[in-house]
Amino acid sequence: MAENSFQKIYTVVRQIPKGRVTTYGQIAHLVGNPRMSRVVGYALHVNPEPGVIPCHRVVNRKGELSGAFAFGGLGQQHLLLEAEGIEFLPDGRVDLRRYMWYGPEE
DNA sequence: TTAATGACCTATC
DNA sequence: CGATAGGCCATTA
């Protein structure tokens, strides 16, 4: 099935521990294709199962969340991440140095 | 099947 | 340091 790639991405995103964030490139790396970063964004864009897939824990390389949020907006993103204990920098980004999730190894 | 698009990343000017 | 260009992969039309 062509959705295999998507399924893998959703699985990885679902495995993200609470109170932690990761980047599209990192997810792509966990999926097995470090260059699938764009496809990762596309997979979350369609977001076939909102509420099940914590897209708010997926940020870009800078630590910023994508402008198009399928959950309800950046406001929801801010609340969700804050509710998980994540602090936001004055720039509106997340501190990847502390909350960057490097994989199921933890 | 070909062409175009995209919630990205990296390199260069 | 900030902005621009190109590249990579999969999905959709």
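Chain A is the first sequence line, chain B the second, and so forth, proteins listed ahead of strands; every chain is numbered from 1. Reckoned from all heavy atoms, side chains included, excluding hydrogens, waters and symmetry mates.
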Tell me: [atom1] of [X] to [atom2] of [N], nearest whole Å?
{"X": "A:Tyr42", "N": "C:dC8", "atom1": "OH", "atom2": "C1'", "result": "16 Å"}
{"X": "A:Glu64", "N": "B:dC9", "atom1": "CD", "atom2": "C1'", "result": "14 Å"}
{"X": "A:Asp91", "N": "C:dC1", "atom1": "CG", "atom2": "C1'", "result": "14 Å"}
{"X": "A:Tyr24", "N": "B:dT10", "atom1": "OH", "atom2": "P", "result": "14 Å"}
{"X": "A:Met36", "N": "B:dA7", "atom1": "CE", "atom2": "P", "result": "16 Å"}
{"X": "A:Ile27", "N": "C:dC9", "atom1": "CD1", "atom2": "P", "result": "18 Å"}
{"X": "A:Arg57", "N": "B:dA7", "atom1": "CZ", "atom2": "C1'", "result": "17 Å"}
{"X": "A:Ile53", "N": "B:dA7", "atom1": "CD1", "atom2": "P", "result": "16 Å"}

By nearest atom, which of the nucleotides [options] is closest to the [X] side chain?
{"X": "A:Phe69", "options": "B:dC8, B:dA7, C:dA10", "value": "B:dA7"}
{"X": "A:Arg61", "options": "B:dA7, B:dT10, C:dT11", "value": "B:dT10"}
{"X": "A:Ser66", "options": "B:dA7, B:dC9, C:dA10", "value": "B:dA7"}

Inset, instruction - Check every strand shown and say whether A:Ala70 touches a base, only sugar-phosphate, or nothing at a heavy-atom separation below 4.0 Å. - result: base

Legend entry - Heavy-atom donor-acceptor pair, A:Asn33 side chain to A:Arg35 backbone, under 3.5 Å: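 Answer holds: no.
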
Legend entry - CG on A:Leu30 to OG1 on A:Thr11, rounded to 0.5 Å: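 Output value for this atom pair is 11.5 Å.
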
Legend entry - Ring geometry between A:Tyr42 and A:His45 (parallel below 30°, tilted from 30 to 60°, perpendicular above 60°): perpendicular

Legend entry - Sub-4.5 Å side-chain heavy-atom contact between A:Phe6 and A:Pro48: no

Legend entry - Side-chain-base donor-acceptor pair under 3.5 Å for A:Arg38 and C:dC8: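 Side chain to base: pair present.
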
